[in-house]
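Quick note: numbers below take in every heavy atom, side chains included, and nothing from hydrogens, waters or symmetry partners. Chain identifiers are assigned alphabetically (A, B, ...) following the order of the sequence lines, protein sequences preceding nucleic acid strands; residue numbering begins at 1 within each chain. In this text the structure is predicted, and so the values were computed from the model without any measurement.
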Protein chains: 4
Amino acid sequence: MYSFKNDYSEGTHPRILNALMEANMEQMEGYGEDKYSIEAIRLIKERLHREDVDVHFFPGGTQTNLTAISAFLRPHEAAIAANTGHILVHETGAIEATGHKVISIEVKDGKINPSQIKEAMDAHTDEHMVKPKLVYISNPTEIGSIYTKKELEDLSNFCRDNRLFLYVDGARLGSALCSKENDIYLDDLANLVDAFYIGGTKNGALLGEALVICKDSLKEDFRFHIKQKGALLAKGRILGIQFAELFKDNLFFDLATHANSMAELLKEAVVQEGYSFLTDSPSNQIFPILPNSIIEGLQEKYIFYVWQKIDENNSAIRLVTSWATKEEAVKDFIEDLKSLKKI
Amino acid sequence: MYSFKNDYSEGTHPRILNALMEANMEQMEGYGEDKYSIEAIRLIKERLHREDVDVHFFPGGTQTNLTAISAFLRPHEAAIAANTGHILVHETGAIEATGHKVISIEVKDGKINPSQIKEAMDAHTDEHMVKPKLVYISNPTEIGSIYTKKELEDLSNFCRDNRLFLYVDGARLGSALCSKENDIYLDDLANLVDAFYIGGTKNGALLGEALVICKDSLKEDFRFHIKQKGALLAKGRILGIQFAELFKDNLFFDLATHANSMAELLKEAVVQEGYSFLTDSPSNQIFPILPNSIIEGLQEKYIFYVWQKIDENNSAIRLVTSWATKEEAVKDFIEDLKSLKKI
Amino acid sequence: MYSFKNDYSEGTHPRILNALMEANMEQMEGYGEDKYSIEAIRLIKERLHREDVDVHFFPGGTQTNLTAISAFLRPHEAAIAANTGHILVHETGAIEATGHKVISIEVKDGKINPSQIKEAMDAHTDEHMVKPKLVYISNPTEIGSIYTKKELEDLSNFCRDNRLFLYVDGARLGSALCSKENDIYLDDLANLVDAFYIGGTKNGALLGEALVICKDSLKEDFRFHIKQKGALLAKGRILGIQFAELFKDNLFFDLATHANSMAELLKEAVVQEGYSFLTDSPSNQIFPILPNSIIEGLQEKYIFYVWQKIDENNSAIRLVTSWATKEEAVKDFIEDLKSLKKI
Amino acid sequence: MYSFKNDYSEGTHPRILNALMEANMEQMEGYGEDKYSIEAIRLIKERLHREDVDVHFFPGGTQTNLTAISAFLRPHEAAIAANTGHILVHETGAIEATGHKVISIEVKDGKINPSQIKEAMDAHTDEHMVKPKLVYISNPTEIGSIYTKKELEDLSNFCRDNRLFLYVDGARLGSALCSKENDIYLDDLANLVDAFYIGGTKNGALLGEALVICKDSLKEDFRFHIKQKGALLAKGRILGIQFAELFKDNLFFDLATHANSMAELLKEAVVQEGYSFLTDSPSNQIFPILPNSIIEGLQEKYIFYVWQKIDENNSAIRLVTSWATKEEAVKDFIEDLKSLKKI
C-alpha cells in the first residue's frame, strides 16, 4: 500500500537527518539560543530581505497559531477565518481555549476577500459583540487553492485601513510559493502581512515551523508566550538545525517543487481521463472527483481520504503529495487509474 | 569550554538517531497512531506491569504539565506545589494561563509532605478560595533530592484519603529511579500516583516526554486536550520511535545511570576536597559550595550556573551531568578543582 | 417619547421596592446565605415541585450563562447554539473567554431541533475537533418564538440519548411560560432540561436571575464558580428579597402576563391594519413589518429598534413590552399607527 | 444579637432607596447609558478634579478586579499582591481564571513598599518566568491599615520608573479617605495611580463599585471587557442612581466617617480596658486581642469573627463597623466588654 493520505507520512529529508547527526554531540545553549537557531534565523531574514522581522521556531502548527494569535489579541478581540480555516475546525478549539472567538466566514474556494471581512466587521458593531481584530488566512488554503499577489495586496490594504492584523498560516507555504500559478515571493509576504509561519513539518522537516513577525508592535516579549504555551523546546537546536539546513541553499523550495510536480502529474492524468476536481488546486493537495467503483479499486493499493460524497455514484478524494512522494508511485497510481477506467 | 550547565546540551543518543534513520522513509499514520508509537506504549506498559494505564507522548515538559493539569482540574480547582516547583516558577505561568492557581508550599529540600499539604488545605476552607485538588511533585526535585518509597506512599495515602490527585513531574525521572539511594520502582509510581511523566528530553532523547495516566477517571478524551494545546505532532512517529528505542531494552535506565555516576564522581571529589553542598542530591544535579576564587578559576574552562551566593567568599554552583557527559571531562574538572585549591 | 425599545427601561415593580425597603435595616448574612435568599430558593423549588434541584442567584444573564456553561464543560467541550443565540452573538465572546467554542447552527425561527444538533455532532468526529457537549437554547428565543412541550421533549430525549447537557437561557422565561400558545409548565422545565435560568431583570426585578441546576452531576462546588466569576454579591440579600417577592404568590407570572397582553394588543392592531410580521412571536417581543414612512411617523413619539430592512419601502421594527408597559401608551401607539396609515 | 461581622449586613442608606424609588418608573436607556449613570460619572470626575479619567460601574468588587486586571495585562504578565491581598486569597482564583498569575509578597501590615516589589521583580528575570506588570494594593488593606500619601507617592514613582501599573482595590476606600490618620485626597489617587475603584457596596450602597481608569492607554475598548465578564447590567441605572446620590453632596464621605467614628469608639474602649490589637487599624475594621472568656461572653449578644488564636488564653477578633452601625449598639458592646472584664 502506498499512501497519498498526507504530507507527513515519512520522516525527514536525508540532509536534515544528516545535519542533526553531525551536530549531535556538540554542546550548545538550550531554548533556541544555540548557534544553529541563530544561523537559521539569519538565513530566513536574508531570504526575506528584511533584517527587522523577528523569527521564532515552534514544534508544530497548532501551537504556532495559538501562541501567536493569543499573544497578538486583547481579551475582547476575535480572529476572522474562512469556514474551512484550520483554526476554525481542526484545532480542537485551540484559539477559543486561549479565550478568543473565531468568527467564521462562509467561502467557496477557501479564500477570504475584503468584502467578506467587511461584512463580518459590519455585523460587529458595539461592545455587546467581540471586536474583529485579526484576519487568519492559510496559503495554500485547506482545499489547495492559493492567493494571488493581487488578492494578498487587497487584503493587506484592507486590513491596514481597518486596523486589522493579517496573519498567514503557512503550514504548506512552500507548496504555495512554488506553485506554477504563484506570483507571491517570500519577501512579499513579509511586506504585506503582519505575521506568518513557514511550515517545516509538511515540507520535509522532522518537525518545526518558523513564525515570522513583521509588525513591530507584535514583537515585544514574544518569547514569554512561546514558553508559556509550552513551545520552547529545551533542545531548541533541533528546530534550528533543520531550518538552517532547509534555508542554507534552496532545499526548502526544491522539496516543495517536487511535491507540486508530483501533484501536477496526478492532475494531468485525472484531466486526461476526463474527470473533474472538487476544487481548483495548484498546490500539493488535489481533490479529483471519481466514480465510486474506481475509488474502491484504487483503495486496494493506495491510501487516501475519501473527502466528500458528490452524488450516488461519485465522490471526491484527496490526494496529497510531498517532498518524499516517489515518482514511481505516482506513475503506478496513474496506470491503475487508467486500467480501472477500462473495466 | 566544557558544559555542565544542563542535561540538554547535546543532541540524542546515537541509537535513537539510528532508529529515526532506519524508520525514516517508511510511510506511517500521523498524530501518534503509527506502529512505533503503539509499540512504545506497549513497552512502557509492560515495564510498569500495568495494562490499564494510558500513555501519551508530548514534545516537552511544560506542555505535558499544562495539558495534564488543565485536563484534570475543574475551573475552581488548584494545584499545590513546592515553592521550588517547576510549574510554580519556571514555566511562565503556564498553569495559570489555563485558568488555575498554583498554591505554593514553602519547603527546604524541594519535597512536599502530607502535613504541608494539610496546612494548605486547612487554609482553603470555602468557596471564597480556590479548592486544592492536585498535588504536583517533581522526582527528582528541582534541587536534586529524591523521594523515598515511604514518602511517596505517605503522599499517596494522604491524597487518596483527601480526594486529591497526585501528579509527578518526571522531567529527570530516570535519574531519580537510577539513583543509588532510590527505592522506588517504575511500577510503584503507577500504583501510587494518578499520573506522571517519564522525561525523555533530559535523558537522551532528541525531545519527548511520556505521560502515564493511571487513574481511570482522568483518561477520558485525553487526546482532545493534547490536540487543543498544540502537542499532537503530525509526525507523532518521532516521539514513538524514540521511546520505543529507550524502552526496548535497558537504554533509558543505562543513560540515567551514566549521568548519575558522573555526578557521583564529582560529588566524591567535592567531598574529598573538603567542600559541602547546598542540597542533598543523589541525582544528576549537584550544588557544591565553593570559594568564589575557585569558581572563577573553573569558569575559565567550564560552563555551569552560579546558583546562589552563600556568603562574602563562597557561592553554590550547579553541576548537571547527563547521558552524554564524558568521564574524561569529569576527571579534568576534578583535577582542575584540586589544582585551583592549591593556589 | 414612550419607549418600546426593551423590557428593562424602567426600574422594578413597586412591591419589590417595598420588600427591599422593609428588609432594609435588618442585619443579615452576606453572600446569599440570608433568610430571604433561603426563602426564595424554597419558593422556587416548591413551584417546580422538585426538592432536589439547586438554585443560585446571579446579578445578570451573561454572567449566569458564562458561569454555568464554564462550570459544566471540560476544556475540550463546546456548546451548540442557534445562530441567533444570545451567547453566540451578543455576549462579547463571554463563553469563548472561558475557553469554550460555541458551535453555530443556522436556524430560521430561533429554535433548534434534534436533527440540527445531530448534524453538528456528525461534523465533529474526532479529537481534532471540539466535542459538542451542551445544547444552549433560549425560551422565548431572541426573536420571540417559543418552544412547544413536544419540541422540548424531543430535544430532551435527544440530548439524554447523546450525553449532551440541555441548558435553557430564560432571560424572558416568564413571557414564554405565560404566552397563550405555551404548553410548558415551570416544572416541565426542571424535568426535561439539565439547567435553566429564570430571568428576573426582564420581568420586573431590579436585577437578578435564578439559575436552577437539575442534573445532580452539575451541582458540585457550584458556589466556587459563582464566586470566581465575580457573581457572588456581598449583599446577596437583594437578589433573595426580590425573588422571594416574585414567587411568594403569582407576581412573577402576573407581570409576564401583563407584558404579553400588551404585546397581544399591539399584534392585533398590526394585523388589523393589514401588516405582517418578521417572526411568529407569541411572547413580549414582536417584529411588525411597516412602511418606512409610517415608521418615521411613529419615531416622532416612540422609541423602538428598526430591526431589519425588508425592501426599499418597508422595514421590520421591534416592539418590546414589559411588566411596566402602560396600556394607555399601547393604545396611543395603536391610534398613531392607524392615523399614520391614513395619511 | 447585633452584628459587627461585616459592613454589608444591612441594605442601603435610605437616601439611596429613595433615589431608586423616585426614578423607578422613568424610562431610560439600558447598559449604563442612562442619565443617572452619566450624572454619576460627571460628579465623580468633578470630585477628582480630572475630566480625563474614565469611570465605569460594576456590581461587585471581585468582578471589578478581574475585569480590570485581565483587561490591563497581556497573557504573560502577572499581578503582584500582598499575601493578605483580596485577589490572592479571597476571590477563588478569579485572576488566575483569566490566565494571570498573582505573585505573593509576604508583608506584615498588609501594605506593600517599593523594595518588596523590587525583590519580586528581581526574582523574575527572563521569559521562563511571568513578567510582573501590575501592582495591586488595597486601601485600606484587608487588615485595616491605610497608606500614607508619602507611601503612595513612593509606590507611584517606583511603578512609573519600572513600567508597572499601580491599581488600588478600594472596596473600603471611603473608610481610608475619611480616617483621622489619612492624608490622601481622592484626587491624589487619580494622580498617583493608574486605576482604582471606589467601593459602594461596603459604604452604604445596595451594590456597586466605581472603577476609575486614569492612565490613557488602559481605557481603550473597556466596555467590551465589562460586557464580556458579565458586568454590564441591563438596568445599569441602578448603579448610576446610587453613585449619583452618594456623590451629589457629601453622602459618601459622611457614611464612611460615621463607620470610622464607630470603630474609633470601640478602639478607645478596648484601649481603656487595657487590651491591645493584632493590627494597627485607623479604619472601620479593628482586631482587638481579648481573653477567650470575654470573647465567649460577647458572643452571646454579638456576632463577629474570631480572627486568630494568639495563645492558649487569648484570641484576636474582628469588629467591623459601617454606615449603618448604631451608636447605641456600640455603647452596649462597650458596656458588655467592661462588665465581662469584672467577672
With a 4.5 angstrom heavy-atom cut-off, could you sort out which part of C:Ala171 is near chain D: side chain, backbone, both or neither?
neither
Hydrogens and angles aside, do D:Ser322 and D:Asp7 bring a side-chain donor and acceptor to less than 3.5 Å of each other?
no
In terms of heavy-atom proximity below 4.5 Å to chain D, should C:Leu206 be classed as side chain, backbone, both, or neither?
both
Heavy atoms only, distances under 4.5 angstrom: which of C:Leu232, C:Thr12, C:Thr98, C:Ile95 has the most pairs with chain D? Name it, please.
C:Thr12
Contacts satisfying side-chain hydrogen bond (donor to acceptor under 3.5 Å, both in side chains) that involve residues 234-246 of chain C (not counting sequence neighbours) are C:Arg15-C:Glu245, C:Glu245-C:Lys248
Are the side chains of D:Glu10 and C:Asn24 in contact, using a 4.5 Å heavy-atom criterion?
no
Taking atom types as modelled, is there a side-chain donor on D:Glu77 or D:His100 under 3.5 Å from an acceptor on the other?
no
Given that the side chain runs from C-beta out, which part of C:Tyr2 has a heavy atom under 4.5 Å from chain D: side chain, backbone, both or neither?
both
Note: vs chain C, highest number of non-hydrogen pairs under 4.5 angstrom among D:Asn6, D:Ile303, D:Leu20, D:Leu17 is D:Leu17
Heavy-atom side-chain contact between C:Tyr302 and C:Asp336 under 4.5 Å
yes
Output the residues of residues 28-37 of chain D for which the shortest heavy-atom distance to chain C is under 4.5 Å, in residue-number order; output 'none' if no such residue exists.
D:Met28, D:Glu29, D:Gly30, D:Tyr31
Please state whether the side chain, the backbone, both or neither of C:Gln27 comes within less than 4.5 Å of a heavy atom of chain D.
both
Anything in residues 60-75 of chain C with a heavy-atom distance to chain D below 4.5 Å? Please list those residues in order.
C:Thr62, C:Gln63, C:Leu66
Which portion of D:Lys227 sits near chain C, non-hydrogen atoms under 4.5 angstrom
both
Relative to the ring of C:Tyr167, is the ring of C:Tyr197 parallel (under 30°), tilted (30 to 60°) or perpendicular (over 60°)?
tilted
In chain order, what residues pass the side chain to side chain contact (heavy atoms under 4.5 Å, CB included) check against C:Asn203, with sequence neighbours excluded?
C:Phe252, C:Leu255, C:Ala256
May I ask you to test the D:His86-D:Glu91 pair for a side-chain heavy-atom distance under 4.5 Å?
yes
I need the single residue from C:Phe4, C:Phe304, C:Trp307 that forms a ring pair (Phe, Tyr, Trp, His ring centres under 6.0 Å) with C:Phe287. Which is it?
C:Trp307
Which atoms of C:Ala23 come close to chain D, meaning under 4.5 Å heavy atom to heavy atom: side chain ones, backbone ones, both, or neither?
neither
Tell me whether D:Lys5 forms a cation-pi arrangement with D:Tyr305, defined as NZ or CZ under 6.0 Å from the six-membered ring centre and within 45 degrees of its axis.
yes
Is it the backbone or the side chain of C:His225 that comes under 4.5 Å from a heavy atom of chain D, or both, or neither?
neither
